Amino acid sequence: MPYCCAAIKSCGLSGILFKAMDQIEKFVKDSGLTISAYNVCFYDSNGTDEILDNILCGKKRANTGLFSLFEAQMQLLPRMGDYTVVLDSDMQPRCITRTTKVEVVPFEDVTAEHPCRVEESPPQGVCRSV
């Protein structure tokens, strides 16, 4: 059985996630990937399924977070090679992503292209083909 490290905060989702673990484990097994450990991700917002659809169609190819929040919440930074099972708004597994690159940079060094990889609708005029 793969090891699962779920970064779900104390917002009432942990019990729901616990009930979904059998489905998540089956999803990972059925994927055909050899995964010994994985994270579980649920985008806690009204646009959960929209974000997920953008991941599935390739519009969302990156993620971002404040280093200070990782520290404050005692979460490990993602590592290259990490697998993540992404859940939809019904807490059902929909895809598995793999971290291919991790960069920690000061905020002022974030490039203009970064929003194009992270956001589904970046500010107009900011993005070019990447």
Side-chain angles (χ1 to χ4, degrees):
M1 175 176 20
Y3 170 76
C4 171
C5 173
I8 304 294
K9 297 167 195 63
S10 60
C11 55
L13 295 177
S14 56
I16 296 169
L17 179 63
F18 183 75
K19 292 176 185 176
M21 285 309 300
D22 288 340
Q23 293 171 321
I24 294 168
E25 289 175 10
K26 181 180 180 335
F27 186 80
V28 170
K29 182 180 176 187
D30 291 349
S31 74
L33 297 169
T34 304
I35 301 175
S36 59
Y38 58 89
N39 298 297
V40 175
C41 175
F42 175 79
Y43 290 95
D44 190 16
S45 70
N46 290 334
T48 296
D49 291 331
E50 182 180 347
I51 293 169
L52 180 58
D53 289 342
N54 285 320
I55 292 169
L56 293 171
C57 76
K59 287 183 182 177
K60 181 172 178 59
R61 303 183 320 263
N63 212 350
T64 188
L66 293 174
F67 183 77
S68 59
L69 289 180
F70 279 92
E71 288 182 318
Q73 295 172 355
M74 294 184 283
Q75 291 184 3
L76 297 174
L77 287 174
R79 294 174 302 184
M80 193 167 90
D82 282 355
Y83 286 98
T84 302
V85 177
V86 184
L87 307 180
D88 65 16
S89 61
D90 294 323
M91 301 298 284
Q92 298 299 306
R94 291 275 309 277
C95 72
I96 299 172
T97 63
R98 188 167 189 200
T99 302
T100 58
K101 184 177 183 180
V102 177
E103 292 180 292
V104 178
V105 297
F107 183 76
E108 60 269 8
D109 293 341
V110 174
T111 65
E113 285 82 21
H114 191 71
C116 302
R117 294 183 193 100
V118 174
E119 295 184 33
E120 298 73 44
S121 303
Q124 189 155 1
V126 170
C127 298
R128 58 179 173 74
S129 293
V130 180

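These figures come from a predicted structure and were not determined experimentally.
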Discussion item. With side chain to side chain contact (heavy atoms under 4.5 Å, CB included) as the test, pick out the partner of D53 among R94, K59, K60.
Written reply: R94
Fill in: Atom CG of L69 with >12 non-hydrogen neighbours under 6.0 angstrom
yes
Worksheet item: Within a strict 4.5 Å, meaning less than it, do heavy atoms of the E25 and K29 side chains meet?
Response: no
Worksheet item: Could you state the interatomic distance from CG (N54) to CG (D49), rounded to the nearest 0.5 Å?
Response: 11.0 Å
Item to complete: Treat each ILVMFWY residue as a node, draw an edge where side-chain heavy atoms are under 4.5 Å apart, and state whether V40 and L77 are in one component.
Response: no
Item to complete: Might you point out which heavy atoms bring L56 and C95 nearest each other, and give the distance in Å?
Response: CD2-CB, 3.5 Å
Worksheet item: If you round to the nearest 0.5 Å, how far is CD1 of I55 from SG of C41?
Response: 6.5 Å
Worksheet item: Can you name the closest pair of heavy atoms from G81 and R98 and give their distance?
Response: O-NE, 3.3 Å
Worksheet item: In Å and rounded to the nearest 0.5 Å, what is the OG1 to CG distance from T64 to L66?
Response: 7.0 Å
Discussion item. Please say yes or no: joined through hydrophobic side-chain contacts below 4.5 Å, possibly via intermediate residues, are F67 and V110 part of one cluster?
Written reply: no
Fill in: Where D88 and F42 come nearest, the two heavy atoms and their spacing
O-CE1, 3.3 Å
Worksheet item: Given side chains that start at C-beta, do those of F70 and P78 come closer than 4.5 Å, heavy atoms only?
Response: yes
Worksheet entry | Residues, nucleotides or ligands: over 12 heavy atoms within 6.0 Å of E103 CD | no
Response to the item:
The side chain to side chain contact (heavy atoms under 4.5 Å, CB included) partner of Y38 among T84, I24, D82, I96 is I24
Item to complete: Return yes if some donor-acceptor pair links the side-chain N/O of D90 with the main-chain N/O of Q92 below 3.5 Å, else return no.
Response: no
